[in-house]
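Below is one structure, written out as structure tokens; the observations come after it.
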Protein chains: 2
Amino acid sequence: MKSLEPMQQVIARLARLPGVGRRSAERMAYRIATDRKGLARDLAQALTELESTVVCCSACGNLTLKTEDPCTLCADARRDRSQLCVVEDPQSIQQLEAAGSYRGLYFCMMGKLSPMQGQDIPPAQVTALLDRIREGEVREVILAFDSDVESDATTSFLHQQLEQLGVQVTRLAFGIPAGSGIAYADPVTLARAMHGRQSYET
Amino acid sequence: MKSLEPMQQVIARLARLPGVGRRSAERMAYRIATDRKGLARDLAQALTELESTVVCCSACGNLTLKTEDPCTLCADARRDRSQLCVVEDPQSIQQLEAAGSYRGLYFCMMGKLSPMQGQDIPPAQVTALLDRIREGEVREVILAFDSDVESDATTSFLHQQLEQLGVQVTRLAFGIPAGSGIAYADPVTLARAMHGRQSYET
């Protein structure tokens with residue numbers, strides 16, 4: 001017995017979400033189809049609302065309301081405009097802002113170099129980043145990507161592009177995460193923590 | 001920085017899906033919001049289509065098109081109408097049909113007894129099941145639920161209700177799954193496999 005066509009359509013779309021395989025998508029679709037509280041309608045409405053009101057900030061790529069472009073971060077006069085933190089996507093901005101230790105601006109690449117998964121950085125974003133640096137206001141570019149092979153390739157690529165412009169390029173420190181210890185760290189994390197060791201400051 | 005209101009609405013609804021926690025829902029919502037191929041619109045359309053065309057079969061509760069009620073299984077004259085397989089939800093029907101070893105009809109309870117999670121069997125479904133048995137066509141009711149505490153409670157409850165009607169009640173065998181072995185089986189599975197041991201047939 002094949003699933004009904006409308007179910008198959010929902011399953012195929014749910015399976016495009018990150019971390020959702022075919023089986024999870026099926027399970028979700030069945031829950032949606034049998035929900036007695038109108039989940040299908042509620043979710044459809046929320047998605048339509050999202051699509052019609054939320055855009056990527058024309059300056060940094062962060063999510064923002066159509067009525068607030070540039071976004072509140074880019075428009076905030078108190079932020080340090082000499083620092084530009086380059087991230088993979090808007091969710092990274094959310095996380096870094098939650099940490100609360102950065103007061104500069106952001107720039108989303110909207111992807112990372114990942115030829116194995118058929119993903120790439122949109123070329124227009126690279127051009128936009130380099131144009132932004134050429135404007136001359138930015139003194140330091142902080143590359144803030146994940147700690148995996150694709151992110152390393154992305155960081156390396158962006159570093160090559162940026163160093164030709166004479167701007168200072170830094171990246172996030174890699175090391176032992178807070179609340180964890182040597183016993184729990186994998187060899188790569190330990191090697192990076194050792195490589196990036198810092199002078200002891202009291 | 002709080003998420004934008006339209007993002008929060010999508011996140012809250014995605015978090016109602018099975019197996020989706022707050023963090024997964026956020027990750028999905030960000031992917032949806034930044035997708036360049038219209039995922040938000042596509043998914044919203046598919047959900048709206050699902051909601052307007054798919055219903056639960058008025059006879060068995062299986063998912064079916066509004067234009068095909070009762071569903072194709074209930075309407076199939078070749079199926080054995082003396083057997084009724086009682087399941088938790090339509091997805092169980094899909095799974096059992098894929099196994100292809102059952103030729104009777106189905107009945108969905110649309111839930112199981114799960115007071116800890118605030119879930120219950122809709123009382124109307126229990127009444128509908130008992131009414132169906134009273135019609136006299138069904139000789140054997142097969143209780144086909146999962147192997148967990150809530151399912152055991154549900155099976156036990158339904159058995160009590162059904163035995164008063166004089167119908168034969170069976171349930172799925174519990175034991176070692178195909179392709180697995182004793183080394184991988186947990187103690188409860190082993191105890192159940194031992195308890196349900198069968199005479200050796202050649």
Side-chain angles (χ1 to χ4, degrees), chain A residues 1-14 16-20 24 26-56 61 63-65 68 72-73 89-91 93-94 97-98 100 108 110-111 122, chain B residues 1-14 16-20 24 26-56 61 63-65 68 72-73 89-91 93-94 97-98 100 108 110-111 122:
Chain A
M1 191 176 73
K2 281 195 74 177
S3 284
L4 301 168
E5 174 64 24
M7 283 289 283
Q8 288 182 41
Q9 294 294 332
V10 169
I11 291 167
R13 282 157 180 80
L14 288 173
R16 283 164 60 188
L17 296 174
V20 179
S24 313
E26 279 181 9
R27 206 160 119 64
M28 291 176 187
Y30 273 99
R31 172 68 63 89
I32 290 170
T34 54
D35 186 81
R36 288 152 182 273
K37 291 173 189 156
L39 180 52
R41 189 183 53 238
D42 288 357
L43 183 53
Q45 281 173 355
L47 290 166
T48 304
E49 175 75 9
L50 177 70
E51 202 222 348
S52 62
T53 60
V54 173
V55 294
C56 289
L63 295 183
T64 188
L65 295 175
E68 276 181 350
T72 52
L73 291 175
D89 57 26
Q91 192 173 12
I93 297 182
Q94 171 87 9
E97 282 299 292
C108 290
M110 295 297 177
Chain B
M1 192 176 74
K2 281 193 75 177
S3 283
L4 300 168
E5 175 64 24
M7 283 289 281
Q8 288 183 39
Q9 294 294 330
V10 169
I11 291 167
R13 282 156 181 80
L14 289 173
R16 283 164 60 188
L17 296 174
V20 180
S24 313
E26 279 181 9
R27 206 159 120 64
M28 292 175 187
Y30 273 99
R31 172 68 63 89
I32 291 171
T34 54
D35 186 81
R36 287 152 184 273
K37 293 173 188 155
L39 180 53
R41 190 182 52 240
D42 288 357
L43 183 53
Q45 281 173 355
L47 290 167
T48 304
E49 175 75 8
L50 176 71
E51 204 223 347
S52 62
T53 60
V54 172
V55 294
C56 289
L63 294 183
T64 188
L65 295 174
E68 276 180 351
T72 51
L73 292 174
D89 57 27
Q91 192 173 11
I93 297 182
Q94 171 86 9
E97 283 299 292
C108 291
M110 296 297 178

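Throughout, a chain's letter reflects where its sequence line sits, starting with A, and its residues are numbered from 1. Basis for what follows: all heavy atoms, side chains included, without hydrogens, waters or symmetry-related copies.
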- [ ] Could you look at T53(A) and say if it's the side chain, the backbone, both or neither that has a heavy atom under 4.5 Å from chain B?
- [x] side chain
Task: Pairwise side-chain contact, S24(A) with V20(B), heavy-atom cut-off 4.5 Å (strictly under) - done: no
- [ ] Identify the two heavy atoms, one from R41(A) and one from E51(B), that lie closest to each other, and give their separation to 0.1 Å.
- [x] NH1-OE2, 3.4 Å
Task: Largest heavy-atom contact set with chain B, pairs under 4.5 Å, which of V10(A), L14(A), D35(A) - done: V10(A)
TODO: State, to 0.1 Å, how close M28(A) and M28(B) come at their nearest heavy-atom pair, and which atoms those are.
DONE: CE-CE, 3.9 Å
Open item on the list: Working to the nearest 0.5 angstrom, can you tell me the gap between Q45(B) CD and R13(A) CZ?
Closed with: 7.5 Å
Task: Best-contacting candidate, E5(A), K37(A), R16(A), R31(A), against chain B by heavy atom pairs under 4.5 angstrom - done: R16(A)
- [ ] Give the minimum heavy-atom separation between T34(B) and L63(A), together with the two atoms involved.
- [x] CG2-CD2, 4.1 Å
- [ ] Please flag which part of D42(A) lies under 4.5 Å from any non-hydrogen atom of chain B: side chain, backbone, both or neither.
- [x] both
Open item on the list: Could you measure the distance from the OG1 atom of T72(B) to the CG atom of L4(A)? Nearest 0.5 Å is fine.
Closed with: 8.0 Å
Open item on the list: Quick check on the interface: out of E68(B), M7(B), Q9(B), who has the most heavy-atom pairs with chain A under 4.5 Å?
Closed with: M7(B)
Open item on the list: Do M110(A) and R36(B) have side chains that approach each other closer than 4.5 Å (heavy atoms only, starting at C-beta)?
Closed with: yes
- [ ] Answer yes or no: is there a side-chain heavy-atom contact under 4.5 Å between Q94(B) and E26(A)?
- [x] no
TODO: Find the distance between CD1 (I32(A)) and CG (L17(B)) and round it off to the nearest 0.5 Å.
DONE: 5.0 Å
